[in-house]
Amino acid sequence: MNKKDYYEVLGVSKNATDEEIKRAFRKLAKEYHPDVNKEPGAEEKFKEIGEAYAILSDPAKRKQYDQFGHAAFQNGGGTSSGFENFDFGSINLDDILNDLFGGGFGGFGFNSSRGRSTSRNSRGEDVRVVVNLSFEEAVKGCEKNISFDVNVACSKCHGQGGFDEKTCPTCHGQGRVLSEQQTIFGYMQTQKICPDCHGQGKTYSSICSECRGKGIVKSTKNLTVVIPEGVDENAQLRLSGKGGTGVNGGSNGDVFVEFKIKEHPFYERQDQDIYLEVPLTITEATLGCKKEIPTLTGNVLLEIKPGTQNYTKLKLKGKGIKSPNSLLRGNMYVVVNIIIPTKLDRKQKTLLEELAQTDLEDASEFKEFKKFVKQNS
């Protein structure tokens with residue numbers, strides 16, 4: 001038997017939006033529901049529009065239907081859609097109606113008596129803890145004790161919430177109960193959470209006085225954290241499963257340790273590299289010298305070549321910070337800062353005045369500047 005086009009069944013165009021398809025189905029479902037419409041053929045029509053909606057409301061099925069038509073869901077359709085031999089009997093009209101109307105219609109076998117318990121497991125809460133570190137602690141690694149408040153399983157009832165568990169007599173373990181009311185469409189059945197077990201499907205002879213039936217209590221948790229060397233500002237360390245306790249068998253949450261690092265008075269950090277500004281006198285920069293440089297692993301002797309200019313950057317390879325994720329180290333950069341004296345004794349002043357009588361302007365920078373001054377006059 002040839003099936004009618006699904007778009008035609010719902011009375012929408014092939015370019016209809018999801019909202020237009022939903023609105024059309026909602027209207028037709030109210031019109032042809034067997035509890036409302038007692039005319040012959042209403043039941044078949046209701047199933048037909050339900051089938052059309054089940055296909056067109058699913059993006060993947062709709063795409064296959066637009067491409068292959070009904071053949072996409074029949075034997076020998078010749079497609080690789082994954083919907084061959086689609087079981088239309090598996091379409092749950094009650095679930096569709098629940099999504100659209102918030103409850104099923106009584107009668108016709110589509111009531112919501114199949115409601116399931118809402119006692120689903122849920123994951124425990126995640127916790128964020130900020131740890132303050134000195135520059136040295138971040139670079140070399142250390143251990144820190146942290147504490148935080150988090151939900152944990154009640155020790156008195158072992159996380160159950162009560163004692164002497166039994167099936168809820170109100171909902172019979174389903175976690176939901178049905179209510180029925182008269183509407184213009186007939187009797188409508190809706191589901192709601194069981195008021196006695198609050199959706200758990202079970203009750204207890206006595207409620208735990210420690211957690212008041214929740215199964216969890218707030219408690220202060222203490223942990224010792226091993227901080228790897230090389231962590232940087234705002235980096236996070238994840239402690240899996242150390243957070244809040246899960247409910248109904250759910251997994252525990254995680255603890256995220258975030259680092260705030262105090263600035264160093266001399267070192268400046270950029271990722272895994274460090275920078276150190278080293279003061280030089282005029283004579284040290286002019287004549288050259290050997291300078292003792294403090295590194296993260298001890299002092300080293302660095303040669304400063306004669307004529308070194310201000311803000312020259314000298315690299316000490318591998319003298320930076322170790323990466324937390326590898327054995328590689330960054331570099332250390334020594335930045336030269338030539339200090340001009342502001343106070344001179346008589347001898348120093350005499351020596352500089354004698355030096356000033358000599359020609360120190362052979363450098364190209366002096367020559368280019370003099371040329372520019374002359375052109376600008």
Side-chain angles (χ1 to χ4, degrees), residues 1-74 81-83 85-118 120 170-172 174-195 198-199 201:
M1 183 177 66
N2 293 329
K3 289 190 176 184
K4 290 180 63 176
D5 179 82
Y6 286 145
Y7 291 101
E8 183 181 342
V9 170
L10 295 182
V12 296
S13 70
K14 291 190 175 182
N15 297 323
T17 63
D18 292 342
E19 184 58 34
E20 289 172 337
I21 290 173
K22 181 184 291 186
R23 191 162 52 241
F25 173 72
R26 186 194 298 266
K27 179 181 178 182
L28 292 171
K30 288 181 178 180
E31 181 179 351
Y32 287 99
H33 194 283
D35 280 356
V36 179
N37 194 325
K38 303 299 183 181
E39 295 181 3
E43 179 177 331
E44 291 302 318
K45 179 67 174 178
F46 182 70
K47 291 181 179 180
E48 184 181 47
I49 63 174
E51 179 181 313
Y53 179 74
I55 298 300
L56 298 184
S57 63
D58 185 299
K61 294 187 180 73
R62 182 179 179 181
K63 182 179 180 180
Q64 292 297 320
Y65 178 73
D66 288 343
Q67 187 173 1
F68 301 105
H70 293 292
F73 312 102
Q74 297 171 351
S81 65
F83 299 118
N85 302 317
F86 181 77
D87 181 13
F88 288 99
S90 66
I91 297 175
N92 193 329
L93 292 180
D94 190 36
D95 287 344
I96 295 175
L97 293 171
N98 280 336
D99 290 340
L100 293 177
F101 297 104
F105 289 89
F108 193 53
F110 296 108
N111 60 56
S112 302
S113 60
R114 298 181 306 277
R116 290 173 290 179
S117 170
T118 59
R120 300 172 182 172
T170 303
C171 66
H172 305 291
Q174 299 301 306
R176 290 180 172 272
V177 292
L178 292 174
S179 63
E180 188 176 88
Q181 63 184 80
Q182 176 75 42
T183 71
I184 59 174
F185 304 111
Y187 284 99
M188 178 179 288
Q189 289 183 333
T190 58
Q191 287 185 346
K192 64 179 181 179
I193 294 176
C194 177
H198 306 290

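Here the structure is a predicted model, which means the values were calculated and not measured.
Note: L56 CG to Y6 OH = 8.0 Å, rounded to the nearest 0.5 Å. Taken from CD in E20 to CG in D18, the straight-line distance is 9.5 Å, to the nearest 0.5 Å. Rounded to the nearest 0.5 Å, atoms CG (L28) and CZ (R26) are 12.0 Å apart.
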Full working for salt bridge (charged side-chain N to carboxylate O under 4.0 Å, His left out) between E43 and K47
CA-CA 6 Å; E43 179 177 331; K47 291 181 179 180; 3.7 Å; yes
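Side chains of R62 and I21 form a contact here, defined as non-hydrogen atoms less than 4.5 Å apart. Under the 4.5 Å side-chain criterion, counting only non-hydrogen atoms from C-beta, E19 is in contact with R23.
Nearest heavy-atom pair across A54 and D58 is O-CB, 3.8 Å. Across every non-hydrogen atom of G50 and F25, the tightest pair is CA-CE1, 3.8 Å. The shortest heavy-atom contact between A29 and I49 is N-CD1, 3.6 Å. The heavy-atom pair separating H33 from F46 by the smallest distance is CD2-CZ, 3.5 Å. K4 and V9 make their closest contact through CB-CG2, 3.9 Å (heavy atoms, listed as atom of the first residue, atom of the second, distance). Counting all heavy atoms, side chain and backbone alike, V177 lies closest to C171 at CG1-CB, 3.8 Å.
No side-chain N or O of E39 forms a donor-acceptor pair with one of Y32 less than 3.5 Å apart. Defined by atom type and a distance below 3.5 Å, a donor-acceptor pair is present between the side-chain atoms of D66 and Y7. No hydrogens or angles considered: a donor-acceptor pair under 3.5 Å links the side chains of D5 and Y65.
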